[in-house]
Amino acid sequence: MEPCLENVKAIRRSKEEKKLLRKQIKASHTLLKHEGISTVSKPTKSLVVANGGLGNGVSREQLQVVLGEGGDVETLIMHPHKPYALVTYRTEVSAQRGHVLLNGRQLQCGDQVVTLYLSYVDTVDSESGVCAVLPPGLVLVEEFVSLEEEALLLDAIDWKSHDEEVTVQKALKHRRVKHYGYEFRYDNNNVDKDKPLPGGLPQACVFVLERCVRDRHVKVMPDQLTVNQYQAGQGIPPHVDTHSAFEEPILSLSLGAKTVMDFRHPDGRSVAVVLPGRSLLVMKGESRYLWTHGITPRKFDVVPACDPESPVAVTSDFSNHSNLTLSRRGTRTSLTFRNVRRTPCDCAHPSACDSQQAPPSPPSLPRSQTDACRLEAEYVHSVYEEIAGHFSSTRHSPWPRVCHFLSSLEPGSIVADVGCGNGKYLGVNPEVFAMGCDRSCALVQICSERGFQAFVSDALSVPLRSDICDACISIAVIHHLSTQERRQAAVEELVRLLRPGGRALIYVWALEQEYNKQRSKYLKETREQAPPGNSTDDHNQETKGLTGNSTDDHNQETRGLTGNSTDDHHQEKKGLTGNAVDSHNPAQDPSSMVMECSKVLPVKDSPVKLSVHTNRTAFNSQDLLVPWHLKDGGIKKGGRVSKMTKDPPIDTKSPVLAPCPVFHRFYHVFQQGELEELCARITGVMVQCSYHDQGNWCVILEKTRDR
Amino acid sequence: MKLLTHNMLTSHVKGVTKGYPLLIKATEVKVSEEEFNPNFVSRMIPKLEWSALVQAADGLGHLQDLPTELIADYEANEDFLRKVHRVLLEVEVLEGCLQCPESGREFPITRGVPNMLLNEEEA
């Protein structure tokens, strides 16, 4: 019996060993292809520790302890975002011991268990630490106040008057804000210089201000204070404090937990600055007037591991990777002291200066490729990036006729959805292989999260092989291109992707919202169902700003509210509308059109200004800006404060309840016949059918076989 | 990004004539089980560039026993179809980048999503 059992044990052990070896080989194979890390079979002093990285939640301290079991560690390199570490032991013997003890070791990291796999590597080069430099004008003074003083200050802030707002703040998961000295205004992101708040600055802060003057950080005592309190996971979007509102310097005292503040230069350079508790940040010159500053909402920061002799700041590359670890955030309170400016700003950075800049001119129809790209970047791409989440939540029902097109494809077809948005159509027919692409990273990520294959690209240059698709769809996309040439180029690109005999379905927004005496759903609700005297009156939408989609978009059918057009131009919750006027006959009787709309003809010399459309009304021009009211405030996840027109921009240091921001998207709405005319200009295609579907002009075109 | 998708993707940097196939440099690869549909796999095969598929799978260390040449009469060969299924649909690159073989330009892959956007100069 006994020898039998022994055999079984031996077999089991070697099976485990084999499994471990397989996993190790797999891990090292992956690393093999990564930045030249090649694993070797002969023991050396250096090892790669797969799964032991900052990138997958393993902290330096934790790993160091574990690695220490092998012997003395000479260097330990951990790149901020990588799922591995590179360790060099003092001796080869220690490395071998480490390998034996730790290969396959499991670590508890938070609520995850991580398994380490170790392989030998050739000598590891520890990158030379680049001396990281703070943005010009920025000074960090550590230990500006003592522990006792910090406690006194935190105690002195009165949050009581905020109680009503607390539930709102909690719901929005937003930082707490309180002002002293001067009142902030939402509508111009500025201070009301004629309305000082009673009480001035709290008595408890006076000693701080006196110390700032004594230490020559500021010449004149500040007269405005903003207190911000951040819980872990809260932040503030990147911004420059309005030039015309405040002088320089701006002084910010950090109390409580440390955090990382990101400074960004317009040219893209970025510096991450660790702000320890009880430190004073002094922003002057470029750091106050030109670089944006913000705090990414996070629960952990990557920070230098030990008390550095070198400057506290590190570059965004964290070039010295032998000195980093994770730091969990705690509650941080900042006291930002500023001097209200009484005269216009005359700084050396006019590009960021509201006193020196003329207000931006309203956009006009582009007359060159460059202008077209710029217009679309501002009025299409950046808007969708900002509104992606909200936008996706309103795109829920696929349109029946698009579904029909997709469902009628042969099983095993390859389909490209160009301008796929949130992936609404990618799962409609599971028998085909669908790939989506969109210009918006945020929207494509949503597709990926839903399990679809998608990539980020421009509709004018789709990175797929020619002749590969059995079918393509492009739903509500081409109308975002701002010149006729670009719209045609987009259709040509679809045609390039098709195999001979393949078909493309294109939907674009129609100028004629009423067709065959029937109004599209986009128009329908306004007149018929909007309650009288409602402050969300359609036609006042533009001036009131706070209106728009103040109720749930999904109920727009029944409530007849203004604001966004749901589901792009119509809501089809109940399946087939029965209203879609179908025709396989491209030549529609023009007299059946109720709406007679004339094209806006541009005057030769002066650029055509783009008008802003009023949602839910008929279009009175073909090229326009269509508003989108972003729900749930404009507090974006650490993104830039984006371009918003007309309505109040968000003052990021002001109390929580910012008004609903409005974004404008560029559209060129198509006239009847225009889309077909466009397709007719392309060689090697045939328009199979065209129709009007709830406020859209649609074509199905086929790539002819004899191209 | 699944290898089926990779097989369709090509570099579209201006001036590049040999932008296919894109080299995969993966730092994170996931293998997951997907429902096997032999008809689907069968129909995909003629649309694939076989050598590009083999090269991609090999580069990721996932070639295993997939034949380097397409076999004849694969439609009826379930064993073969299963191997193809695994490589096409079950291997996913989550992090890394795709490199244009001609220009060297790298396109990052983040959380499974390749970003193929070109700069103004490259388009």
### salt bridge (charged side-chain N to carboxylate O under 4.0 Å, His left out) assessment of Asp417(A) paired with Lys424(A)
CA-CA 10 Å; Asp417(A) 181 348; Lys424(A) 188 160 91 167; over 6 Å; no
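- Top candidate by heavy-atom pairs under 4.5 Å with chain B, chosen from Arg499(A), Glu449(A), Arg439(A), is Arg439(A).
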### Query
Would Ser466(A) and Arg496(A) count as a side-chain hydrogen bond (donor to acceptor under 3.5 Å, both in side chains) if you check the C-alpha gap in whole Å, the side-chain angles of each, and the deciding distance to 0.1 Å?
CA-CA 5 Å; Ser466(A) 303; Arg496(A) 178 186 72 79; 2.8 Å; yes
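- Of the two parts of Glu49(B), the backbone and the side chain both hold a non-hydrogen atom closer than 4.5 Å to a non-hydrogen atom of chain A.
- Between Tyr384(A) and Phe391(A), the ring-plane angle classifies as perpendicular under the 30° and 60° cut-offs.
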### Task
Apply side chain to side chain contact (heavy atoms under 4.5 Å, CB included) to Asn39(B) and Glu431(A), showing your working.
CA-CA 9 Å; Asn39(B) 287 329; Glu431(A) 303 295 315; over 6 Å; no
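- Both the backbone and the side chain of Asn7(B) come within contact range of chain A, with heavy atoms under 4.5 Å apart.
- Met1(B) is listed as a side-chain neighbour of Leu98(B), based on a closest heavy-atom distance under 4.5 Å.
- Your options are Cys447(A), Cys373(A), Cys469(A), Ser457(A), and the one with the most heavy-atom pairs under 4.5 Å with chain B is Ser457(A).
- Heavy atoms of Ser11(B) lying under 4.5 Å from chain A are absent altogether.
- Of the atoms belonging to Ile414(A), heavy atoms from both backbone and side chain fall under 4.5 Å from chain B.
- Contacts of Met8(B) with chain A are made by both backbone and side-chain atoms, with heavy-atom separations under 4.5 Å.
- Heavy atoms closer than 4.5 Å to chain A are found nowhere in Leu22(B), neither backbone nor side chain.
- With a threshold of 4.5 angstrom between heavy atoms, Gln369(A) does not approach chain B through any atom at all.
- Contacts of Leu48(B) with chain A are made by backbone atoms alone, with heavy-atom separations under 4.5 Å and no side-chain atom involved.
- Aromatic ring pairs are classed by plane angle as parallel below 30°, tilted from 30° to 60° and perpendicular above 60°; the pair Phe40(B) and Phe433(A) is perpendicular.
- There is no side-chain donor-acceptor pair under 3.5 Å between Glu376(A) and His480(A).
- Interface remark: Ile468(A) contributes side-chain atoms only to the contact with chain B (heavy atom separation under 4.5 Å).
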### Candidate pair Leu118(B) and Phe107(B), rule side chain to side chain contact (heavy atoms under 4.5 Å, CB included), full reasoning
CA-CA 9 Å; Leu118(B) 296 168; Phe107(B) 300 95; 3.7 Å; yes
